[in-house]
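Numbers restart at 1 for each chain; the letters A, B, ... are given by sequence-line order, proteins then strands.
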Amino acid sequence: MSEKTPSLEHSLVSRCPICGNSPLVHDYECAELVCKNCGYVVIEKLVDRGPEWRAFNPEQRAKKVRVGAPFTFTIHDKGLSTQIDWRNRDIRGRRLPSKQRAQINRLRKWQRRVRVSSSMERNLASALSEMSRITDKLSLPRNILETASVTYRTAIKEKLIRGRSIKAMVAAAIYVACRRCRLMRTLGEVAEASSVKEKELGRSYRLLIKKLDYFVPPAKTSKYVTKLLNKLVLKGKCAEVAHRILRAAKELKLTSGRAPKSIAAAVSYISSKITGEYRTQREIAEAAQITEVTIRNRYKELMERILIVTSL
DNA sequence: AAGACGAAAGTGGTTGA
DNA sequence: TCAACAACTTTCGTCTT
């Protein structure tokens, strides 16, 4: 891969929303805005402004065209290695003579040794394939996968993986990526998809953000509300009312110290009642993965304070 | 009969000595 | 490391629609 000129990089920098102080770099090869420091991938599908040259005839084009697969963090060697086909055929599909076959076999052997050389490389290789399996299962966007794999690489460098479960650390890296990209996925969901126990996932997650000194923005209750309303197929008017109730609740300091999902459930319940798109406590409790009793408790608190103060 | 309500006891996580 | 504590859950009997 060719190096970009410094002037091009620096003309495009901005701040990373996670670590704040380091420059972001536009990476046109994989169409992303990447933080060179923490690996946070801000956006995908950046418009490729290249090529910055013009070709006036086929020969020039052939000479100037850029080659190679895009650079990515999600393959253990960053997708830059050579692949040797397993078939003993040449490019026209003819079988190779035995002498050449033996040569290719030797090449393959060395290829394996070079690619997956150390135990660390082996670890990384299996971890990253597991990672893409899980993100697939949770239908997470590409930038989460990229961010998570950078996190995992850093964790390996910091020697946090040795002696711990790869599976749990992979799941934790994914959860960290979700949180940092402000994507609403609960510990439970990630645990489910990766078949890691929620408790262990939580432990690994805390370990990662502590040891890697990551800043993780706190989860927004309003995002819980949105997600819950989607799950319950409540929208439009009801969603609007729910968010207004939530705002009022926040003003009255009724949300602090309470689990966001129970607040979200109560707010959704009240809103569904007001707007006539009625859902039972049971339905909401199930969708929010909490009990009806908790909804009732929050509901009572909210009703006592809010509905008197504000006329919705 | 289904849903809502609430008391009481139990659980798991956090905090502070 | 342990106890105190708040939030939440489980269970179950009662009330309301």
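In the set B/dG13, B/dA7, B/dT14, B/dG13 carries the atom at the smallest distance from any side-chain atom of A/K199. For A/V293, counting side-chain heavy atoms from C-beta on, the closest listed nucleotide (C/dC8, C/dT10, B/dA4) is C/dT10. Comparing B/dT14, B/dG6, B/dA4 by their closest approach to the side chain of A/R206 singles out B/dT14. The side chain of A/R296 approaches B/dC5 more closely than any other nucleotide in the set C/dT11, B/dC5, C/dC8.
Within 4.0 Å of A/T291, counting heavy atoms only, lies at least one base atom of the nucleic acid. Residue-level contact check: A/R298 touches the backbone only, with heavy atoms under 4.0 Å from sugar-phosphate atoms and none from bases.
Whole-Å rounding puts the A/K197 NZ to B/dG12 C1' distance at 16 Å. The distance from atom CD of A/E286 to atom C1' of B/dG3 is 15 Å, rounded to the nearest whole Å. Distance A/E292 CD to C/dT16 C1': 16 Å, rounded to the nearest Å.
For C/dA7, the OP1/OP2 oxygens have no side-chain nitrogen or oxygen of A/S262 closer than 4.0 Å. For C/dA6, the OP1/OP2 oxygens have no side-chain nitrogen or oxygen of A/R258 closer than 4.0 Å. An OP1 or OP2 oxygen of B/dA2 is reached within less than 4.0 angstrom by no side-chain nitrogen or oxygen of A/Y278.
Evaluation of the salt bridge (Lys or Arg N to Asp or Glu O under 4.0 Å) rule for A/R279 yields no partner, not counting sequence neighbours. A/E189 is linked by a side-chain hydrogen bond (donor to acceptor under 3.5 Å, both in side chains) to A/T186, A/K227, counting only residues two or more places apart in sequence or in another chain.
Side-chain contact between A/L207 and A/R164 is present, with heavy atoms from C-beta onward closer than 4.5 Å.
Judged by distance alone, with hydrogens and angles left aside, A/R282 brings no side-chain donor or acceptor close enough to the base of B/dG3 to form a pair under 3.5 Å.
Partner of A/Y269 under the side-chain contact (heavy atoms from CB on, under 4.5 Å) criterion, chosen from A/I295, A/I245, A/L232: A/I295.
Heavy atoms of other residues, nucleotides or ligands lying less than 6.0 angstrom from NZ of A/K250 number more than 12.
For DNA chain B, if you chain together Watson-Crick or G-U pairs that step i with j, i+1 with j-1 and so on, the runs of at least three with distances under 3.5 Å are B:1-11 with C:7-17, B:13-17 with C:1-5.
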